[in-house]
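Whatever order the structure lists them in is the order used to number ligands and atoms, beginning at 1.
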Amino acid sequence: MRDAPVRVPFLDLQVSQRPLAQELDVLWHRITESSAFIGGAEVDGFEEAWALVCQTSHAVGVANGTDAIELALTALGIGPGDEVVVPANTFVATAGAVCATGAVPVFADVDEATLLLTPATLEAALTPRTAAVVVVHLYGQAADVPALDRVARRAGIAVVEDCAQAHGARWDGRPVGALGDVGCFSFYPGKNLGAFGDAGAVVTSDGHLASRVRQLADHGRSSASRHLHDVVGRNSRLDALQAGVLTTKLAHLEGWNASRRAAHSAYADQLPSAPGVGQVRQHPSSLSSHHLEVVRVPRRDDVLRDLGRGGVGAGVHYPVPCHLLEGYARFRREALPVSERAAEEVLSLPMFPGITADQVRDVCDVLTSCL
Ligand SMILES: *Cc1c(COP(=O)(O)O)cnc(C)c1O
């Protein structure tokens with residue numbers, strides 16, 4: 001049996017992008033006229049605006065979210081010989097960025113209810129070589145950084161936030177990215193704030209750290225002269241077109257997140273009537289960006305297939321926890337039962353700004369019939 005025509009796609013970027021067409025045309029002309037393609041006013045403007053949103057003193061535009069994490073860790077002085085704790089339940093890039101610094105990722109389990117890193121699972125992963133933890137605000141839900149930070153302070157390690165799925169999310173009213181030592185964002189097109197290609201940013205209120213990231217991302221160039229290179233850097237710059245697209249879209253981020261929140265509420269109201277569906281708990285202190293609408297179901301792969309046959313797009317984030325991925329086998333230390341069980345059950349339902357109440361009802365009806 002083949003899939004029915006898609007009635008509710010997993011992600012529809014057109015709904016939110018179409019109204020911006022004219023503004024983006026103007027942007028395109030402005031950039032081609034200025035011939036400032038890398039750096040320049042568009043990038044400066046976006047960095048300022050993004051730091052304001054994050055309530056940090058600095059934002060540094062970089063090429064993508066993975067680079068943001070790698071550069072933040074390197075700027076913190078982390079590299080070969082160090083260990084960095086990473087939740088097993090995350091997108092592989094979190095761990096890949098750690099490896100790119102030369103440090104070793106140590107995978108920690110997650111909370112059964114929220115599927116996020118906890119103080120206890122962080123504590124269990126610490127060794128004398130631990131230099132940092134990368135806290136991931138997965139699915140858009142803010143992790144409890146203040147509690148994780150207390151464990152980190154005691155252990156003398158840095159707290160890096162992976163905010164790639166959490167643009168605009170908050171913990172007790174404070175934006176993610178400003179909760180730890182440094183925050184890392186991806187603006188991959190499918191994220192809550194997405195560019196028209198790859199883009200990322202590092203945010204922090206530590207001016208020295210921000211300068212280090214900026215220098216590393218620009219060939220290690222000295223602030224004193226463009227021909228002096230004090231450290232070995234690399235090229236990870238944000239280009240003007242992406243920065244301009246991000247500034248244009250930024251004006252709509254709050255509204256888009258509100259639309260996602262409304263869709264999440266509709267799902268939360270209707271899903272309990274679908275037999276056997278488990279919901280991911282939302283912590284009361286977390287204001288989620290609802291990047292993904294994740295539920296847990298038995299026989300997940302069958303349900304995924306049946307949803308497709310019913311005309312509903314769905315996904316899995318993520319089917320294999322990081323510590324069980326082939327490329328990361330050499331870092332495996334122990335079983336992480338909560339992450340392993342979650343990977344078999346998680347299912348991501350359609351979620352995007354502009355998804356209608358009718359579409360959510362349709363998804364819930366088809367899901368109920370699949371179960
Ligand atoms: C998307 C994502 C990244 C990587 O961002 P890129 O811009 O694709 O490099 C890192 N961590 C998480 C949790 C992500 O979802």
Notebook entry, point to check: What residue and atom, counting heavy atoms only, is the protein's closest point to atom 8 (O) of ligand 1, and at what distance?
Noted result: Ser186 OG, 4.1 Å
Next item on the list: Report yes if the side chains of Thr204 and Thr56 come closer than 4.5 Å at any heavy-atom pair, otherwise no.
Entry: no
Next item on the list: Would you mind checking which non-hydrogen protein atom is closest to atom 9 (O) of ligand 1, with the distance to 0.1 Å?
Entry: Thr66 OG1, 2.5 Å
Note to self: So that I know where these two stand, are Trp50 and Phe187 an aromatic pair - ring centroids less than 6.0 Å apart?
What the structure shows: yes
Margin query: List ligand 1 atoms under 4.0 Å from Thr94, heavy atoms only on the residue side.
Written below: 11 (N)
Check: Checking side-chain contact (heavy atoms from CB on, under 4.5 Å) against Val151, which of Val159, Ile157, Leu126, Thr118 comes through?
Finding: Leu126
Check: What protein heavy atom is closest to atom 13 (C) of ligand 1, reported as residue, atom name and distance in Å?
Finding: Asp162 OD2, 3.5 Å
Check: Can an N or O of Gly65 be found at a distance shorter than 3.5 Å from an N or O of ligand 1?
Finding: yes
Checklist line | Centroid separation His283 to Trp171 less than 6.0 Å | finding: yes
Note to self: Side chain or backbone, does Gln165 bring an N or O within less than 3.5 Å of an N or O on ligand 1?
What the structure shows: yes
Item checked: Side-chain H-bond candidate by donor/acceptor type, His167 with Ser289, under 3.5 Å -> no
Notebook entry, point to check: Below 4.0 Å from any atom of ligand 1, is there a heavy atom belonging to Lys191?
Noted result: yes
Next item on the list: Show which atoms of ligand 1 fall inside a sub-4.0 Å distance from at least one heavy-atom site of Ala93.
Entry: 3 (C), 4 (C), 10 (C)
Next item on the list: Please state whether the rings of Phe331 and Tyr328 are parallel, tilted or perpendicular, taking 30° and 60° as the class boundaries.
Entry: tilted
